[in-house]
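What follows is one structure encoded as structure tokens, with my remarks underneath.
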Number of protein chains: 2
Amino acid sequence: MEVAMKIRKLGQDDPRRIIHSIKVGVALTLVSLFYYWRPLYDGFGASGIWAVITVVVIFEFTVGATLSKGLNRGLGTMLAGALGVGVNYLADLSGQKGEPFVLGIFVFLIAASATFSRFFPGIKARYDYGVLIFILTFSMVSVSGYRVEEFLTMAHQRLATILAGGAICIIISIVVCPVWAGETLHNSVISNINKLANYLEGFGGEYFHCSEDEQHVTSTAKDKSLLQEYKVVLNSKSMEDSMANFARWEPRHGNFGFRHPWKYYLKIGSFARQCAYQIEALNAHLSPPLQEPSQFRRVMEVPCKTITSESAKALKALATAMKTMTDPSPSSQLHLTAAKSAINDLKNSLKSATTQISEDISNLLAIISDAKVASILIEIVKSVEDLREA
Amino acid sequence: MEVAMKIRKLGQDDPRRIIHSIKVGVALTLVSLFYYWRPLYDGFGASGIWAVITVVVIFEFTVGATLSKGLNRGLGTMLAGALGVGVNYLADLSGQKGEPFVLGIFVFLIAASATFSRFFPGIKARYDYGVLIFILTFSMVSVSGYRVEEFLTMAHQRLATILAGGAICIIISIVVCPVWAGETLHNSVISNINKLANYLEGFGGEYFHCSEDEQHVTSTAKDKSLLQEYKVVLNSKSMEDSMANFARWEPRHGNFGFRHPWKYYLKIGSFARQCAYQIEALNAHLSPPLQEPSQFRRVMEVPCKTITSESAKALKALATAMKTMTDPSPSSQLHLTAAKSAINDLKNSLKSATTQISEDISNLLAIISDAKVASILIEIVKSVEDLREA
């Protein structure tokens, strides 16, 4: 029962998962045709198995990942195949006795240096799989070339089936309900900014307990979850990195061109994380149990609320602008100016209310610094946006 | 030239990388023996190629990752093989005509549901590779079983070579300069805590510009880098998660038992990240250009410095205690008490210095809240430590 519930939940959270599973099933069944269908079998022979392997290994959730793995696999196989043939030729020259030694030394050298190259961050990020396939194919070719005589026919058959398998994967993943890594990245960055905005919106009410009590009780549960959402942003880095990586391989789709500036998303994402760190610090002040708002807190209530709500609005305006891919300057600028003037108000009211120094100040000033960071963030994000539009 | 420099740097940063590359080379060369050495070749036949594939795919940087992949591969292959034989038997029953259809339906159903199961977070974290291998083997077995008659001999040969390949990988990765995921995790958590401590240590001096100017100039470059180090901690989550995952597969080694409580490391790591978020917020106050310290800043200088240095000492004591795996309570408790009393001092001197409310307060109070968080953190870490010792 519990498992069934979990399965349903996974499917409902993201229906693309079910579609993806079905796509993999269809691709594999198609590829099995290489075996079942006699004309095809006679053409390809036992190498048909390589099409199956290719489909299973290449087919990933997003189009970008599938393309990246497919191209990596193709390139790795070709390069390694060519190199393997060359090494075999060299080994042949050294006669019956020397052949195993020459081959062994080459396998050792190439495997060790290719493995080492996987530690380079640049290669690791983009070509890790290709290098793995390179090592695999090279050692297979050089090792089996020692035995199998009809080497070239085999290589030809194998390449053909691998290409066929890869093509089936890529076509199915692009044509049938494609999941674009770029789109996922785009949406996740936007939803992260929205989460930050939601937090800032909710913070004012939560911290100052301004709402009437009846209303408060009913809205608490929803508010509380809104106030927790931002935590996702804190650890979003690795997911965004890999998505941007895959997005780079994707062809033109929807509003995204082939050379869409994905790296700006990473920049925006890292600014959003900066903002989330500040919010995390701010959040620590929400945890102590409710207490009667002090005199001092009342003084700062109005400007603080303006700051948070205006920052939230500016962030939301940015998110909307990103969604529609328009220039975000006018609307977010407006809210930003409002937020900045509220900061000045706050400073002024503070100066006039020096009668009381209490713990409250820490909260208050945390808000100031947070609002400042938010405004810096927004300004930077805006310039990034302008860049993207350019 | 530049490439050569980079290669040298990669090797110097972590010599284990070079050793790992050599280990992979040795393992592959050993496995090639299956092909070169006639008695072995006669025993295993062309399936020797599977040993090569296994070595290339399984051999990972850490022992835990290699073991996890190896066991996943073994389990996935066996399960899928058994299921494949069963399905083939069923398909045989349905006659010459129906066979391809029955097989196709089974391949589709099992591939789709296994692919879907990879979306479960629990399976994704630990058995992702196993499920992939399961799909791969199952479709290979069921598809090729349709053609190849001597199915069981082949399965037997293949399993034997895969086991041999896996065994070579595991033995080499454990015996020759092993890289334990658990040890890596242990060291990285400790060095993260030390980085936080270094930051706190450096912060006092940097913020209050207390050091004499001559000294200041020489120490600046080193201090600056110390103050940046903590940023690594912010994004440490995914690395720690995967290391803890692999560590779980590792056998007893050094001071770590088989059932070493790795999940406490994750807890400690997440507290360290909490602390790093606070430091990130604090760090924003270091960026404005140098300015003459105000009267107010002088008041808070002494207690603030005590807070940061004592927190730093407590963190360092914790790190040392983790390193030697002893009970950290006495030494860190000492520094913690000192830090707490410094917080009280600070509050008192603030109360007596109400003459000036300026921007400085924000910095000051950020420090208070940070020190508080640090002390909370330390207390929690300590209890976790106690748990671990128990």
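Labels below follow one simple rule: chain letters A, B, ... track the order of the sequence lines, proteins then strands, and each chain is numbered from 1.
Looking only at heavy-atom pairs under 4.5 Å with chain B, the residue among A:Ile18, A:Val55, A:Val24, A:Leu136 that has the most is A:Leu136. Ranked by heavy-atom pairs shorter than 4.5 Å toward chain B, the options A:Ser113, A:Gly25, A:Ala111, A:Ser21 are led by A:Ser21.
B:Phe108 is not listed as a side-chain neighbour of A:Leu28, based on a closest heavy-atom distance of 4.5 Å or more. Contact check for A:Ile22 versus B:Phe116: no side-chain heavy atoms found under the 4.5 Å cut-off.
Only the side chain of A:Phe61 comes within less than 4.5 Å of a heavy atom in chain B; its backbone stays farther off.
Once rounded to the nearest 0.5 Å, the distance linking CZ of A:Arg118 with CD of B:Glu60 reads 6.5 Å.
A pairwise comparison of heavy atoms in B:Phe119 and A:His20 identifies CZ-CD2, 3.6 Å as the closest pair.
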